[in-house]
Asks: 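Let me give you the structure first, and then I'll get to my questions.
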Amino acid sequence: MFRTALTTIALLLGTLIFGSIVLISQLFGVPEGPNSIYEKCPRWWAWWLLRAAGVKVVLHRAEGVVDDSVPRVYIANHVSWFDIPSLIHVLPPYGFVAKRELEKIPLFGAAARGVGVIYIDRENRKAAFGAYEDAARKIREGQSVLVYPEGTRGDSYAVRPFKKGPFVLAIGSGAPIVPIAIHGTIEVNPRGSFRASPGTVHVHLLEPIPTEGLTYDDREALGERVRERVAACLREQYGVNPALVSRGSRPAATPVDSFRTQNS
């Protein structure tokens, strides 16, 4: 209960403080760019929240992920709200493709847009692809982008089917995809719960997958390739089985079983 209360307070205060700094900076025309306040505030916010929850984030990088100056499309599995601060904490600065519902959160929604979040309306296919086109333009201008292609948080670490839009984005931008496997955030904060517990989160940046030369028709095969790579990491490193699930099915293994397998 103590950690949950402390994390809730940190979330409210952190969003108020750092969100206000972003909005005031915009109001006074503070320029964007490397090491600007718009890059620093998300990192401060994430550090503040992780520290309050007692969460340690461990980054594992594949050999091909070395040059942070090259724009990329980061594709990650999504199982917990704590995926967000965990990735902000360890990744190079990036834009963010998120569901439009988050824009309605007071202060957070506006501040997030100010630091590069691109909102998509999942119920409006035309508007969603317009948002992806905007993200592709930002990538071509040099900004990396993170997408959760499962769309919503899952109940387990088994990787659910990916939506095609993020891979249309990647192909349109010409940027390489860096698959991300994240593990440990369910134990910190499972879906549908306000509980926050101390723990260790592991973020695996997997070998990049190039998109140059691919076309719109390659989007589905590209998505499956990325999905299988994320699932393989979760299976091999944490014993997640099954690591891939079809739409509408539920995995046999629970997150706790997988966590115990890894740490036994």
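The figures that follow rest on heavy atoms only: side chains count, while hydrogens, waters and symmetry mates do not. All residue numbers refer to positions in the sequence shown, counting from 1.
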Asks: Does atom CZ of Arg191 have more than 12 heavy-atom neighbours, drawn from other residues, nucleotides or ligands, at distances under 6.0 Å?
Replies: yes

Asks: Can any side-chain N or O of Arg153 pair as donor or acceptor with the backbone N or O of Gly192 at less than 3.5 Å?
Replies: no

Asks: Side chains of Phe82 and Leu50, heavy atoms from C-beta outward: is any pair under 4.5 Å?
Replies: yes

Asks: Is a donor on one side and an acceptor on the other found under 3.5 Å between the side chain of Asn35 and the backbone of Glu39?
Replies: no

Asks: Quick check: does any side chain N or O of Thr211 sit under 3.5 Å from a backbone N or O of Ala175, one acting as donor and the other as acceptor?
Replies: yes

Asks: Trp81 and side chain to side chain contact (heavy atoms under 4.5 Å, CB included): which single residue from Leu49, Thr185, Val188 fits?
Replies: Leu49

Asks: Are Ile37 and Trp44 packed together at the side-chain level, in the sense that at least one heavy-atom pair is separated by less than 4.5 angstrom?
Replies: yes

Asks: Within the supplied structure, the quantity of interest is the number of heavy atoms (other residues, nucleotides, ligands) at a distance under 6.0 Å from Glu212 CD; does it exceed 12?
Replies: no

Asks: Do Pro190 and Arg195 come within less than 4.5 Å of each other through their side chains, counting heavy atoms only?
Replies: yes

Asks: Are Pro179 and Ile209 close enough that some pair of their side-chain heavy atoms sits under 4.5 Å apart?
Replies: yes

Asks: Check Pro208 against Pro176 and note the closest heavy-atom contact, atom names and distance.
Replies: CB-CB, 4.4 Å

Asks: Applying a strict under-4.5 Å side-chain criterion to I, L, V, M, F, W and Y, I'd like to know whether Ile9 and Ile17 cluster together.
Replies: yes

Asks: State, yes or no, whether a side-chain contact exists between Pro93 and Tyr38 at a heavy-atom distance under 4.5 Å.
Replies: no

Asks: Can you check whether Phe194 reaches Thr8 side chain to side chain, under 4.5 Å on heavy atoms?
Replies: no

Asks: Look at the side-chain heavy atoms of Ile, Leu, Val, Met, Phe, Trp and Tyr, link any pair under 4.5 Å apart, and say whether Val22 and Val30 land in one connected group.
Replies: yes

Asks: Would you give the length of the straight line joining atom CG of Asn241 to atom CZ of Arg235, rounded to the nearest 0.5 angstrom?
Replies: 7.0 Å

Asks: Following the transitive rule for hydrophobic clusters with a side-chain heavy-atom cut-off under 4.5 Å over Ile, Leu, Val, Met, Phe, Trp and Tyr, establish whether Leu6 and Trp47 coincide in one cluster.
Replies: no

Asks: Quick one: are Tyr216 and Ile171 in side-chain contact, heavy atoms under 4.5 Å?
Replies: no

Asks: In the hydrophobic cluster built from side-chain contacts under 4.5 Å, what are the other members alongside Leu27?
Replies: Ile24, Phe28

Asks: With a 3.5 Å distance limit and no angle check, can you tell me whether Thr15 reaches the backbone of Leu12 through a side-chain donor-acceptor pair?
Replies: no

Asks: Is any NZ, NE, NH1 or NH2 atom of the basic residue among Arg227 and Glu224 found under 4.0 Å from an Asp or Glu carboxylate oxygen of the other?
Replies: yes

Asks: Answer yes if the ring centres of His202 and His183 are under 6.0 angstrom apart, and no otherwise.
Replies: no

Asks: Begin from the C-alpha positions of Tyr94 and Leu87 and carry the test side-chain contact (heavy atoms from CB on, under 4.5 Å) through to its verdict.
Replies: CA-CA 10 Å; Tyr94 59 83; Leu87 292 181; 3.8 Å; yes

Asks: Dump the intermediate steps for side-chain contact (heavy atoms from CB on, under 4.5 Å) on Arg160 and Thr152, then the final yes or no.
Replies: CA-CA 10 Å; Arg160 292 161 290 130; Thr152 59; 3.6 Å; yes

Asks: Is the backbone N or O of Asn189 less than 3.5 Å from a side-chain atom of Ser80, with the two atoms forming a donor-acceptor pair by type?
Replies: yes

Asks: Looking only at non-hydrogen atoms, find the nearest pair between Ala196 and Thr4 and report the distance.
Replies: N-OG1, 3.0 Å

Asks: Starting at CZ of Arg229, measure out to NE2 of His204 and round the result to the nearest 0.5 Å.
Replies: 14.5 Å

Asks: Contact between Phe162 and Val147 at the side-chain level, heavy atoms closer than 4.5 Å - yes or no?
Replies: no

Asks: Just do the side-chain contact (heavy atoms from CB on, under 4.5 Å) check on Leu222 and Ile177 with the steps written out, would you?
Replies: CA-CA 10 Å; Leu222 178 63; Ile177 290 175; 3.7 Å; yes

Asks: Would a distance-only check, ignoring hydrogens and angles, find a side-chain to backbone donor-acceptor pair under 3.5 Å from Ser144 to Arg72?
Replies: yes

Asks: Just wondering, more than 12 heavy atoms not from Lys164 lying within 6.0 Å of its NZ?
Replies: no

Asks: Counting distance only, does the side-chain N/O of Tyr238 pair as donor-acceptor with the main-chain N or O of Gly184 below 3.5 Å?
Replies: no

Asks: Is there a path of hydrophobic side-chain contacts, each under 4.5 Å between heavy atoms, that joins Leu16 and Leu23?
Replies: yes

Asks: Determine the minimum heavy-atom distance between Pro166 and Pro149, stating which atoms define it.
Replies: CG-CB, 3.8 Å

Asks: Same hydrophobic cluster for Leu11 and Leu13, using side-chain heavy-atom links shorter than 4.5 Å among ILVMFWY?
Replies: yes

Asks: Return the minimal non-hydrogen interatomic distance between Asn77 and Glu150, and the atom names on each side.
Replies: CA-OE1, 3.3 Å

Asks: Go through Leu206 and Cys233 one step at a time and tell me if the side-chain contact (heavy atoms from CB on, under 4.5 Å) criterion holds.
Replies: CA-CA 8 Å; Leu206 307 178; Cys233 177; 3.9 Å; yes

Asks: I need the Ile186 CD1 to Asp155 CG distance, nearest 0.5 Å.
Replies: 7.5 Å

